[in-house]
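Just so it is clear, the structure is predicted and the values come from calculations on it, not from any experiment.
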Amino acid sequence: MQINCKGQLIDLSIPKVMGILNVTPNSFFDGGKYKNEEQIISQVEKMLSEGATFIDIGAYSSKPSAEFVSEKEEIERIVPAIELILKHFPQTLLSIDTFRAEVAKPSIESGAAIINDIAAGELDDKMFKVIAKYNVPYIMMHMRGNPQTMQSLTQYNDIIKEMLFYFSEKVKKARSLGINDLILDPGFGFAKTTDQNYEVLQKMELFNLLELPVLAGVSRKSMIYKTLNNTAQEALNGTTVLNTIALTKGAKILRVHDVKEAMECVTLFSKLN
C-alpha cells in the first residue's frame, strides 16, 4: 500500500489524512472562506501542522446542483493557489479535485502531486491519458451523471456489485495505459441516497477485493447532518464517528475539513493494530 508522489513513496499501511481546501465561493461547508492569499496560507499551515499528508484543492464545487464553472475560471482559481502554497510550503503534496483534463495538465505542471477525479474519467475521456502522461497518482471516485444531475440517478439493483464492476472497469483501463498508482473513492453523497451511503459504508471493506487503497470522504456531508437533524457546521462529531467506522472498514485516506480530529481517529485506531 504505497503511492509515488513526485518521487516520494507514501506508505498507506498507516492511514493518512487529506485536508480539504476549497477555493470556491459556493462549496457546501467552506465556500468563500479562502478568498485571498493570507487566508489560503493560514489554512494550509494549520492543516499541515495538524498532520495532513495531503492538501486537496478544489475550484469547482461538486455539491448537488452546483453552478457550472468554465475551464478557464477553474484554472484561474486553482493554478495561483498551487503556486502560492508551494512557494510557502515547497514539500506539500497537493491533490487537485478536478474532472477536467485541461485543468489537470496545468495543475500538475505547476507542481500538483495527485489528481482527484469525482468522475473517474466519465466526464472527460482525455483524463486517463493525462494521468498516464504525467504519471501521477489518480483518485477515481464513483459517481453517476454530473453534479447537476447526480441526485436523480440513484436507482441500483445492487449498489455494491455495480460499484465493484464500475471500479474494476476503470482499473482495467488505467492499467492498460500504464497508470500505476490508483486510489478508489466510493463517492459518498454522489448519486446515492442517504440510506445507500450507509449501505456503502457498512460494506466498504468489499472494495478491498480490488487490492487498492480506498479513500473515504464523509466530512460534514448531508448523510450526517440530515440523519442527525442538524447542519454541516454541527456535523463534526458525526464526521468523527463515520471516519472511525471507515477506518475499521479499511480506509487508507480520510478526506476531511477538520484535520486535527481526523488525525486523532487515525492515532487511536492505530493503537488497535
Side-chain angles (χ1 to χ4, degrees), residues 3-7 18 20-24 27 54-83 85-86 93-150 153 162-187 189-191 210 212-215 217 253 255:
I3 56 172
N4 186 335
C5 294
K6 298 168 72 172
M18 174 180 283
I20 298 169
L21 179 73
N22 286 314
V23 290
T24 55
S27 291
F54 314 102
I55 303 294
D56 189 55
I57 312 175
Y60 184 140
S61 174
S62 54
K63 68 181 180 181
S65 302
E67 297 85 348
F68 176 82
V69 175
S70 70
E71 284 186 358
K72 181 175 182 289
E73 185 174 356
E74 189 178 355
I75 291 167
E76 288 174 351
R77 288 177 181 176
I78 213 157
V79 169
I82 294 168
E83 292 172 344
I85 293 165
L86 293 179
L93 297 177
L94 295 179
S95 165
I96 304 305
D97 183 354
T98 186
F99 56 83
R100 291 163 161 165
E102 291 304 314
V103 177
K105 282 194 288 188
S107 297
I108 298 166
E109 289 168 357
S110 298
I114 299 171
I115 296 298
N116 179 12
D117 181 358
I118 61 169
E122 287 287 311
L123 296 178
D124 190 336
D125 59 9
K126 300 183 187 72
M127 182 64 91
F128 274 75
K129 290 181 181 177
V130 169
I131 301 300
K133 176 183 176 181
Y134 290 95
N135 196 26
V136 294
Y138 186 41
I139 301 170
M140 304 188 296
M141 196 186 81
H142 174 268
M143 179 178 71
R144 286 174 165 179
N146 59 44
Q148 289 75 33
T149 64
M150 62 185 180
L153 301 171
E162 290 177 46
M163 289 175 69
L164 282 168
F165 179 77
Y166 172 95
F167 280 131
S168 65
E169 289 292 296
K170 296 295 181 185
V171 171
K172 181 180 177 182
K173 180 177 179 180
R175 296 293 190 224
S176 74
L177 293 169
I179 299 171
N180 296 315
D181 295 310
L182 298 169
I183 298 161
L184 309 180
D185 178 351
F190 289 80
L210 296 169
L212 291 170
V214 176
L215 178 150
I253 301 174
R255 181 180 180 274

Side chain to side chain contact (heavy atoms under 4.5 Å, CB included) assessment of Val136 paired with Ile114: CA-CA 6 Å; Val136 294; Ile114 299 171; 5.9 Å; no
Are [X] and [Y] packed together at the side-chain level, in the sense that at least one heavy-atom pair is separated by less than 4.5 angstrom?
| X | Y | answer |
| --- | --- | --- |
| Ser107 | Ile82 | yes |
| Leu94 | Ile57 | yes |
| Phe167 | Asp185 | no |
| Asp124 | Asp117 | no |
| Met143 | Leu123 | yes |

Audit row: Ile139, Ile115, side chain to side chain contact (heavy atoms under 4.5 Å, CB included) steps and yes/no: CA-CA 6 Å; Ile139 301 170; Ile115 296 298; over 6 Å; no
Candidate pair Val214 and Ile183, rule side chain to side chain contact (heavy atoms under 4.5 Å, CB included), full reasoning: CA-CA 6 Å; Val214 176; Ile183 298 161; over 6 Å; no
NE2-CG distance between His142 and Leu164, expressed to the nearest 0.5 angstrom: 10.0 Å
Pairwise distance CG(Asn116) to OG1(Thr98) - rounded to 0.5 angstrom: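 Those atoms lie 9.5 Å apart.
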Does [X] use its side chain to pair, donor to acceptor, with the backbone of [Y] at less than 3.5 Å?
| X | Y | value |
| --- | --- | --- |
| Lys170 | Ala120 | yes |
| Arg77 | Ala59 | yes |
| Thr149 | Gly145 | no |
| Lys129 | Ala101 | no |
| Asp97 | Asp56 | no |
| Asp181 | Asn4 | yes |
| Arg100 | Ala104 | no |

Contacts of type ring-ring contact (aromatic ring centres under 6.0 Å, His included), residue Phe99, not counting sequence neighbours: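 Once residues adjacent in sequence are excluded, the partners of Phe99 under the ring-ring contact (aromatic ring centres under 6.0 Å, His included) criterion are Tyr60.
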Verdict with supporting geometry, Glu169 and Lys173, salt bridge (charged side-chain N to carboxylate O under 4.0 Å, His left out): CA-CA 6 Å; Glu169 289 292 296; Lys173 180 177 179 180; over 6 Å; no
Within residues 105-134 or reaching into it, pairs that qualify as ring-ring contact (aromatic ring centres under 6.0 Å, His included) - sequence neighbours excluded: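 For residues 105-134: Phe128-Tyr138.
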Reference residue Leu215; test side-chain contact (heavy atoms from CB on, under 4.5 Å); the match among Arg255, Met140, Met141: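 With Leu215 as partner, Arg255, Met140, Met141 yield a single side-chain contact (heavy atoms from CB on, under 4.5 Å), made by Arg255.
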For Glu76, salt bridge (charged side-chain N to carboxylate O under 4.0 Å, His left out) partners two or more places apart: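 Salt bridge (charged side-chain N to carboxylate O under 4.0 Å, His left out) check on Glu76 returns Lys72.
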Side chain to side chain contact (heavy atoms under 4.5 Å, CB included) evaluation trace for Arg144 with Met150: CA-CA 6 Å; Arg144 286 174 165 179; Met150 62 185 180; 5.7 Å; no
